[in-house]
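These notes are about the structure you will find just below.
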Amino acid sequence: MSTYSRIGIFVTLFLACQFITCKPSSISDRLPILGEREITETDRGGTKVIDTLYHTIPDFALVDQDSTIVSKKTLNGKIYLADFFFTRCPTICPVTSRNLLQIAKHFVNEPRVVIVSHTVDPKYDRPYILKRYAAELGAPSNWLFLNGPKAEVYKLAGAGGYFSFAQEDPNAPGGFDHSGAFTLVDTDFRIRAVYDGTKTDSIPKIITDIQHLLNKG
């Protein structure tokens, strides 16, 4: 599949997710939970109990800009916004990073909110490079920049993880093809929204949705 075809698919996904998540509060008091779900039925003491199992972010173990291991345990109880980038990206990353910076600064005094950026170029973007990038950007302490094996990061980006996209591509600018999506994850590691992170006008909506999760879940 060509780069342009993949971009088309993900733009469609962005628009669909934006449509889903832009419902006025008068229609729904809660953000939707995105992804496939499974209905299960169990017998508890003779009573049939029906549960819904939602798509959740799989386990991972990556390293941040301070060379500290970051896993789901690290993010337990947090609401976080995830994206994929690389420090030498010549296209969308400067835009998405500036947009994330505004969001990170807005929630800098809210310990329940974290920004999590995954490099798609782990060979170059070692922790010290990520730390320098964070400092030059002016990223506050609630923003984690993560490095890990390409296979693990790319799998996390896809349909089994953050509903985004990342892969190495020698024909793409900078050598990597990735989405500009921001994925909003709740305290149960369920995906609540996907946004087009390249658009500055997405920022107020993202801030409102995060605040909504903080207040109502």
Side-chain angles (χ1 to χ4, degrees), residues 10 13-18 20-22 30-35 54-58 60 62 64-65 70-87 89 92-120 130 133-134 137-148 153 156-166 178-217:
F10 281 95
L13 174 62
F14 293 153
L15 293 176
C17 291
Q18 284 292 81
I20 291 169
T21 58
C22 286
R30 295 170 60 87
L31 290 174
I33 299 171
L34 304 185
Y54 294 97
H55 171 89
T56 57
I57 302 303
F60 60 85
L62 305 172
D64 71 8
Q65 67 266 40
V70 174
S71 65
K72 285 179 70 173
K73 184 177 180 181
T74 311
L75 299 173
N76 189 43
K78 306 289 188 183
I79 294 165
Y80 68 97
L81 201 62
D83 85 315
F84 294 82
F85 84 112
F86 61 109
T87 62
C89 173
I92 62 174
C93 298
V95 176
T96 57
S97 291
R98 285 196 300 269
N99 291 344
L100 281 174
L101 181 62
Q102 290 189 50
I103 298 165
K105 286 182 174 180
H106 183 89
F107 289 104
V108 69
N109 295 317
E110 174 48 78
R112 295 174 291 170
V113 176
V114 181
I115 308 297
V116 181
S117 292
H118 307 73
T119 179
V120 301
L130 294 176
Y133 180 84
L137 187 63
S141 59
N142 60 344
W143 192 345
L144 300 174
F145 293 84
L146 302 185
N147 175 299
V153 172
L156 271 176
Y162 290 105
F163 298 165
S164 186
F165 172 79
H178 66 95
S179 161
F182 294 169
T183 304
L184 180 59
V185 182
D186 68 16
T187 55
D188 293 315
F189 296 98
R190 303 173 302 186
I191 295 177
R192 304 303 291 272
V194 180
Y195 313 91
D196 185 346
T198 67
K199 299 204 175 288
T200 303
D201 57 11
S202 296
I203 296 173
K205 170 65 176 167
I206 295 171
I207 290 173
T208 297
D209 285 352
I210 293 174
Q211 193 61 56
H212 190 88
L213 286 181
L214 288 169
N215 296 338
K216 298 186 178 181

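Everything quoted here is computed from the prediction, not taken from an experiment. Along the sequence shown, residues carry numbers from 1.
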Closest heavy-atom contact between [X] and [Y]?
X    : Y    : answer
T198 : V95  : O-CG1, 3.4 Å
P140 : L101 : CD-CD1, 3.9 Å
H178 : C89  : NE2-SG, 3.9 Å
A157 : F84  : CA-CZ, 3.5 Å
G197 : T96  : O-CG2, 3.5 Å

Quick one: does [X]'s side chain have a donor or acceptor within less than 3.5 Å of a partner on [Y]'s backbone?
X    : Y    : answer
S97  : P94  : no
N142 : V114 : no
S164 : A181 : no
H55  : G161 : yes

Can you confirm whether [X] sits close enough to [Y] that some side-chain heavy atom of one is under 4.5 Å from a side-chain heavy atom of the other?
X    : Y    : result
D188 : T56  : no
F182 : N99  : yes
L184 : I206 : no
V153 : L62  : yes
D209 : Y195 : yes
Y133 : Q65  : no
I103 : I115 : yes
V185 : I79  : no

task = Could you tell me which residues satisfy side chain to side chain donor-acceptor pair (under 3.5 Å) with S117, sequence neighbours excluded, listed by chain and number?
result =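 S117: side chain to side chain donor-acceptor pair (under 3.5 Å) contacts with D83, W143.
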task = Not counting sequence neighbours, which residues clear side chain to side chain donor-acceptor pair (under 3.5 Å) with N215? List them please.
result =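 N215: side chain to side chain donor-acceptor pair (under 3.5 Å) contacts with Q211.
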Non-neighbouring partners of [X] that pass side chain to side chain contact (heavy atoms under 4.5 Å, CB included), sequence neighbours left out:
X    : result
A82  : Y80, H118, Y162
N147 : T119, P122, L130
S71  : K73, T74
H106 : I207

request  = Report the residues that fulfil salt bridge (Lys or Arg N to Asp or Glu O under 4.0 Å) with K72, sequence neighbours left out, ordered by chain and then residue number.
outcome  =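 For K72, the residues satisfying salt bridge (Lys or Arg N to Asp or Glu O under 4.0 Å) (neighbours in sequence not counted) are D59.
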key: For D186, salt bridge (Lys or Arg N to Asp or Glu O under 4.0 Å) partners two or more places apart   =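 Only R190, R192 meet the salt bridge (Lys or Arg N to Asp or Glu O under 4.0 Å) criterion with D186.
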task = State the OG-CZ distance between S179 and F165, to the nearest 0.5 angstrom.
result =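 Interatomic distance, S179 OG to F165 CZ, rounded to 0.5 Å: 9.0 Å.
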query = To the nearest 0.5 Å, what is the distance between OG1 (T208) and CG (L31)?
reply =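 The CG atom of L31 is 10.0 Å from OG1 of T208, to the nearest 0.5 Å.
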key: Qualifying salt bridge (charged side-chain N to carboxylate O under 4.0 Å, His left out) pairs with a residue from residues 108-118, counting only residues at least two apart or across chains   =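 Passing the test, one end in residues 108-118: E110-R112.
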